[in-house]
Structure formats: C-alpha cells, structure tokens
Amino acid sequence: MAGRVVILGAPGAGKGTQARRVARKHGWPHISTGDIFRSHVDHKTAIGQKIESYMHSGQLVPDDLACQIVVERLAAPDCTSGYILDGFPRSVPQAESLDQMLSDRHESLDAVILLTVDDDELVERLTSRWTCPHCGKIYNVKFNPPKRENQCDKPECEGVRLVQREDDREDTVRSRLRVYHETTEPLIQHYGRRSLLQRVAGGASPEAIEQEIEGMLTAQGAS
Ligand code: AP5
Ligand code: MG
C-alpha cells in the first residue's frame with residue numbers, strides 16, 4: 001500500500017531525524033524542502049541566489065517557489081508508492097496547494113504526524129546540532145554525539161568533518177520559531193479538522209518516537 005505522510009513540527013522538533021528513519025524503513029523518498037533549498041544555495045543556482053537571504057535570516061521562502069519545487073518532486077517516478085514530506089507544507093496557502101496537487105492526482109494523505117517539543121529545548125537542540133555534509137546524518141553534541149569528535153560515524157564518510165547549519169545561530173533560531181508559531185502552527189487546525197493529525201511528544205528518545213510513529217502508520221494502513 002502507498003503511504004503519503006507529512007511530518008510537521010517546529011524547527012528542531014526532530015522532523016529530519018524521524019523522516020530519515022521512516023523513509024529508510026519503508027523505502028519511500030524523504031522529501032525535505034529545507035534540504036532541497038540548501039542544495040540550491042550550496043550550488044549557487046538561480047533559485048539558490050533568490051532564496052539565500054530568506055533562509056539565512058530564518059524567514060520562509062515565497063510560497064509559490066516552495067510549491068513549484070514540491071510539484072516537480074512529487075511528479076518523479078519514485079513517489080508513486082509513497083513519500084514522507086518534511087518541511088512542507090508550512091503555511092496555509094502551501095497546504096491548500098498540496099490539497100490541490102493531491103486531488104488532481106486522485107490521491108490523498110494517509111497521515112500527518114506532529115512532533116511537539118518546548119521552545120527552550122528546541123533552541124538547545126539546534127544550537128548543538130551538527131550534520132554530515134556527505135551522507136546527511138544528523139547529530140547533536142549534547143544528546144546524540146558522534147563516536148569520534150566532529151566526525152561522521154559511517155565508514156563511507158571516513159575523514160568527513162561535521163558541519164553546522166548557517167541558520168542554527170541562536171538569534172536566527174528564535175526568528176525561525178516565531179515564523180513557525182505565526183505561519184505554520186495554523187496547519188494544526190487545517191489537518192485537525194479532517195482528523196488526519198496525529199500528535200507525538202517529541203521529547204522522548206528518537207527510538208521511542210520512531211516506534212510510536214510506526215504504530216500510527218500501521219494503524220492508518222500506510223505501510
Ligand atoms: P528546514 O530545513 O525544514 O528546517 P526547520 O523546519 O527549521 O527544521 P530543522 O531541520 O532545523 O529541524 P528538524 O525538525 O528537522 O530537526 P532535526 O531532526 O534536525 O527549513 C530551513 C529553511 O528552509 C526555513 O527556515 C525556510 O527558510 C526554508 N524552507 C524550507 N521549507 C520551506 C517551505 N515549505 N516553505 C518556505 N520556506 C521553506 O533535529 C534537531 C536536533 O535535535 C538534532 O541535533 C538532532 O540530533 C536532535 N534531536 C532529534 N530528535 C531528538 C530527540 N528525540 N531527543 C533529543 N534530541 C533530538
Ligand atoms: Mg530538518
């Protein structure tokens with residue numbers, strides 16, 4: 001059965017950590033609009049140049065651009081048997097646009113998972129997050145450190161130094177949290193009205209959260 005899943009939550013709630021696990025388990029693509037945009041910025045594409053200042057200041061890139069990226073990505077053949085969307089939608093216009101994209105394809109979402117974590121913990125998590133630029137594995141020097149200081153654990157990433165994201169400075173993290181509360185939180189109502197929303201306490205261990213999400217997906221028949 002296909003599984004079309006959205007993972008919602010504030011910056012640092014663990015969307016990327018959990019989406020990677022779900023995607024690997026089910027063989028679905030993990031579609032992170034943040035990762036797609038960061039790749040455009042790193043490669044200095046025309047889109048990257050247009051969005052760099054939004055991303056570095058913690059603002060959302062314009063809705064039309066985010067929707068265009070997702071329409072193109074969902075049309076790829078690897079999305080036919082399911083996907084997990086991480087970081088999209090994050091405004092009501094984006095959610096309405098996703099509703100339209102799905103209805104044009106006679107499809108619907110199977111689950112929307114909301115990870116909830118307190119703001120103070122989010123700031124602490126993001127200011128101590130490090131990522132492998134080679135494989136994308138996410139670490140945290142306080143909660144989930146790599147085995148060797150500043151190096152990815154995976155053998156295929158031998159010698160690769162972990163990096164910090166440009167938008168993980170404390171002042172930018174606080175701007176991202178403001179944007180989340182103002183613009184993204186209304187999606188809780190948007191999906192809640194349709195009984196699609198499932199809340200998961202994001203303060204538990206990554207393994208416990210993964211199990212809880214898996215139980216929800218199985219119950220929804222999205223596995
Ligand atoms: P995006 O990349 O989506 O960032 P975000 O939403 O701010 O979320 P993060 O990636 O920072 O956090 P996460 O929830 O993935 O947490 P993670 O698993 O890494 O977007 C970045 C920017 O791109 C936006 O600001 C915007 O400019 C633009 N953008 C993207 N999509 C857009 C859209 N649709 N429209 C417009 N603009 C868009 O975990 C965080 C840390 O916590 C890690 O260190 C991890 O190890 C640790 N951790 C995870 N789980 C746990 C746990 N259970 N316990 C303890 N620590 C944990
Ligand atoms: Mg992420």
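One-based numbering, in listed order, for ligands and for the atoms of each. Source: prediction; values computed, not measured.
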Between OG of S57 and CZ of R169, what distance do you get to the nearest 0.5 Å?
10.5 Å

Check ligand 1 against P206 and write out every atom of the ligand that is under 4.0 Å from a heavy-atom position of the residue.
52 (C), 53 (N)

Approximate separation, where rounding is to 0.5 Å, of K15 NZ and L85 CG:
12.5 Å

The reported gap from SG in C67 to CD in E96 (rounded to nearest 0.5 angstrom) is 10.0 Å

Nearest to atom 19 (O) of ligand 1, what protein heavy atom do you find, and at what distance?
R129 NH1, 2.7 Å

Tell me whether D35 is salt-bridged to R38, with the criterion being a basic N under 4.0 Å from an acidic carboxylate O.
yes

Cluster overlap V200 with Y191, hydrophobic side-chain contacts below 4.5 Å
no

Pair listing, salt bridge (charged side-chain N to carboxylate O under 4.0 Å, His left out) test, anchored in residues 175-193, at least two apart:
D167-R176, D168-R176

For atom 37 (N) of ligand 1, closest protein heavy-atom neighbour
V61 N, 3.0 Å

Using a 3.5 Å cut-off on N or O atoms only, is G87 in polar contact with ligand 1?
yes

How far is atom 35 (N) of ligand 1 from its nearest protein heavy atom, and which residue and atom is that?
Q94 NE2, 2.8 Å

Answer side chain, backbone, both or neither: which part of R176 comes under 4.0 Å from ligand 1, heavy atoms only.
side chain

Tell me the protein heavy atom at minimum distance from atom 31 (N) of ligand 1, and give that distance in Å.
T33 OG1, 2.7 Å

Y139, portion touching ligand 1 at heavy-atom distance under 4.0 Å:
backbone

Check E207 with R21, please: is the shortest side-chain N to carboxylate O separation under 4.0 Å?
yes

Of the side chain and backbone of L126, name the one, both, or neither that has a heavy atom under 4.0 Å from an atom of ligand 1.
side chain

So is A19 touching ligand 1 or not, going by heavy atoms under 4.0 Å?
no

Report the nearest protein non-hydrogen atom to atom 29 (N) of ligand 1: residue, atom name, distance rounded to 0.1 Å.
F37 CD1, 3.7 Å

If you round to the nearest 0.5 Å, how far is CD of Q94 from CG of D99?
12.0 Å

Could you list the atoms of ligand 1 found under 4.0 angstrom from a heavy atom of I209?
53 (N)

Part of L115 within contact of ligand 1 (heavy atoms, under 4.0 Å)
neither

Calculate, to the nearest 0.5 Å, the distance between atoms CD and CD belonging to E124 and E170 respectively.
10.0 Å

To atom 21 (C) of ligand 1, the nearest of R20, Q59, R38 on a heavy-atom basis is R38

Distance-only N or O hit between ligand 1 and G16, under 3.5 Å:
yes

Identify the heavy atoms of C135 and R20 that sit nearest to each other, and give their distance.
O-NH1, 3.4 Å

Who else is in the cluster with L126 when I, L, V, M, F, W and Y are joined by side-chain contacts under 4.5 Å?
V117, L122, V123, V173, L177

Considering only the protein, which heavy-atom contact is closest to atom 24 (C) of ligand 1, and what is its distance?
R90 NH2, 4.0 Å

Per-atom filter on ligand 1: closer than 4.0 angstrom to a heavy atom of G202 are 53 (N)

Looking at every heavy atom in both P89 and L8, which two are closest together, and how far apart are they?
O-CD2, 3.8 Å

Pick whichever of G9, G12, P145 has a heavy atom sitting closest to atom 40 (C) of ligand 1.
G12

So, H30 and Q18: side-chain donor and acceptor under 3.5 Å apart, yes or no?
no

For ligand 1, the portion of A204 having any non-hydrogen atom under 4.0 Å away:
backbone

For ligand 1, the portion of S91 having any non-hydrogen atom under 4.0 Å away
neither

Applying a heavy-atom cut-off of 4.0 Å, say which part of P11 lies close to ligand 1: side chain, backbone, both or neither.
both

Sub-4.0 Å atoms of ligand 1 with respect to non-hydrogen atoms of G34:
1 (P), 2 (O), 20 (O), 30 (C), 31 (N)

In terms of residue, atom name and distance, what is the protein heavy atom nearest to atom 18 (O) of ligand 1?
T17 OG1, 2.6 Å

If we only count N/O pairs under 3.5 Å, is G203 in contact with ligand 1?
no

So, taking the atom named OH in Y83 and the one named CG in L74, what distance separates them when rounded to the nearest 0.5 Å?
5.0 Å

What about D86: any of its N or O atoms under 3.5 Å from an N or O on ligand 1?
no

Lys/Arg-Asp/Glu bridge criterion (N-O < 4.0 Å) met for R199, E212:
no

Distance from atom 23 (O) of ligand 1 to nearest protein heavy atom, with residue and atom:
M55 CE, 3.2 Å

side-chain contact (heavy atoms from CB on, under 4.5 Å) for V61 and T33? Distances and angles first, verdict last.
CA-CA 10 Å; V61 314; T33 43; over 6 Å; no

Using a 4.0 Å cutoff against the non-hydrogen atoms of A10, which atoms of ligand 1 qualify?
14 (O)

Quick one: which of Q18, R125, E207 has a heavy atom closest to atom 42 (O) of ligand 1?
R125

